[in-house]
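Throughout, protein chains are lettered first and strands after them, A, B, ... in sequence-line order, and every chain is numbered starting at 1. This one's a predicted model, so the numbers in the text were calculated from it and none came from an experiment.
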Number of protein chains: 2
Amino acid sequence: MTQVTIGGLSTATGVKIETIRYYERAGLISRPSRTSGNYRSYTPDDVARLRFIKRTRDLGFSLEEVRALLDIAAQEDRDCCEIDVLATKHLAEVDRKIADLTALRQQLSAMITSCRGGTVADCQILGAFQQD
Amino acid sequence: MTQVTIGGLSTATGVKIETIRYYERAGLISRPSRTSGNYRSYTPDDVARLRFIKRTRDLGFSLEEVRALLDIAAQEDRDCCEIDVLATKHLAEVDRKIADLTALRQQLSAMITSCRGGTVADCQILGAFQQD
DNA sequence: TATGCACCCTGTAGCAACTACAGACTCAAG
DNA sequence: CTTGAGTCTGTAGTTGCTACAGGGTGCATA
């Protein structure tokens, strides 16, 4: 049998044990069968599912979005465009974050290059924090 | 007198009332004096301090970092380079985040352009989620 | 057989940084 | 005098984990 316990699932997927149990509580993965000693026992399908979850999480999807993706993926004959919609929406969010961070980076670096040393009282950076 | 109540402070700074009270609990701002009716009453200095906090938060500093900045800013005769250090460190973090997001964006957009429609069963995007 | 030791169990509490109530009070205008 | 907006305290919820505490399990080794 290729069943694994939670530690095996953890090393197979790179998801921490505590996090796996959290996903179970959150309903992202179903409650696995148990061994005689009450250890969780996972199938290869469970491994695949958790890999999917890990990968989507790494791509920055929220657990809510992951749930939706899993939901759609479960219905094999459904139209694929719903996934495209989700992914595209997520891409737009990522683009917005990148833009925000880039603007912020710009401000921060301008602040830093304006620093000429001296005491706190006449620090250019602190001035930049306070202006409007 | 130019004292304001919490609502005034909120509109003057763009920080929500609940958040102001949270900052007070967290010790980022000191407990203000109270009116006869037990309303919080803020001075212009309080407004300036909260503006400072808001701006540094908007620049992505954590509350812990904000605390450190406020601490340094309070000692006017101290050397300014500590602030430079903090800001530079923060800039490095921002750069890392931008790099991460950009890599992620790359993957996401590759996935999306690979989609040729059809049913979920042969969806390229879902395949991308599962591979590796 | 005893005894380590690694692994697993449940349940709860904590983290950041807020946000959202509930239920009561205050204050100014009409 | 009432109405409505503003404020008060206190507590619980959010997201996505992470970290215990205090036990049980399973296997190898002395």
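- Looking at the side chain of L63(A), the nearest of the listed nucleotides dC9(C), dC17(D), dA17(C) is dC17(D).
- Between E18(A) atom CD and dC20(D) atom C1' there is a gap of 9 Å when expressed in whole angstrom units.
- Between F61(A) atom CZ and dG16(D) atom C1' the separation is 17 Å, expressed in whole Å.
- Contact annotation: R21(A) does not reach the phosphate of dT10(C) (side-chain N/O to OP1 or OP2, under 4.0 Å).
- Across the protein-nucleic acid pair, Q3(A) atom CD and dG26(D) atom P stand 15 Å apart, rounded to whole Å.
- Side chain of S10(B) to main chain of I6(B): no donor-acceptor pair is present (N/O by atom type, distance under 3.5 Å, no hydrogens or angles).
- For Y23(A) and dC17(D), the shortest distance from a side-chain N or O to OP1 or OP2 is below 4.0 Å.
- Between dA17(C) and R25(B), no contact under 4.0 Å exists linking OP1 or OP2 to a side-chain N or O.
- The phosphate of dT10(C) has OP1 or OP2 within less than 4.0 Å of a side-chain N or O from R34(A).
- Nearest heavy atom pair, residue F61(B) against residue A87(B), reads CZ-CA, 4.2 Å.
- When rounded to the nearest whole Å, the span between CZ of R57(B) and C1' of dA16(C) equals 9 Å.
- Each of S41(B) and G37(A) lies near DNA chain D, and the nucleotide nearest S41(B) is the one positioned closer to the 5' end.
- Between I6(A) atom CD1 and dT18(D) atom P the separation is 13 Å, expressed in whole Å.
- Distance CG (N38(B)) to C1' (dG23(C)): 16 Å, rounded to an integer number of Å.
- Heavy atoms of R40(B) sit under 4.0 angstrom from primed sugar atoms or phosphate atoms, though from no base atom.
- Protein atom CD of E65(B) is 13 Å distant from nucleotide atom C1' of dA16(C), rounded to whole Å.
- With dT7(D), dC8(C), dC20(D) as the choices, the nucleotide that has an atom nearest any side-chain atom of I17(A) turns out to be dC8(C).
- Residue side chain Y39(A) reaches the base of dT25(D) through a donor-acceptor N/O pair under 3.5 Å, judged by distance alone.
- Atom pair I29(B):CD1 and dC18(C):P shows a separation of 12 Å (rounding to whole Å applied).
- The phosphate of dC18(C) (OP1 or OP2) has no side-chain N or O of T19(B) nearer than 4.0 angstrom.
- At dG26(D), one or more side-chain N or O atoms of S36(A) fall inside 4.0 Å of OP1 or OP2 (strictly under the cut-off).
- Side-chain contact annotation: R40(B) with Q3(B), donor-acceptor N/O pair under 3.5 Å absent.
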Report the C-alpha distance between R49(B) and D45(B) in whole Å, list the side-chain angles of each, state the deciding distance to 0.1 Å, and finish with yes or no for salt bridge (Lys or Arg N to Asp or Glu O under 4.0 Å).
-> CA-CA 6 Å; R49(B) 186 179 177 93; D45(B) 274 0; over 6 Å; no
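- Between I53(A) and R57(A), some side-chain heavy-atom pair lies under the 4.5 Å cut-off.
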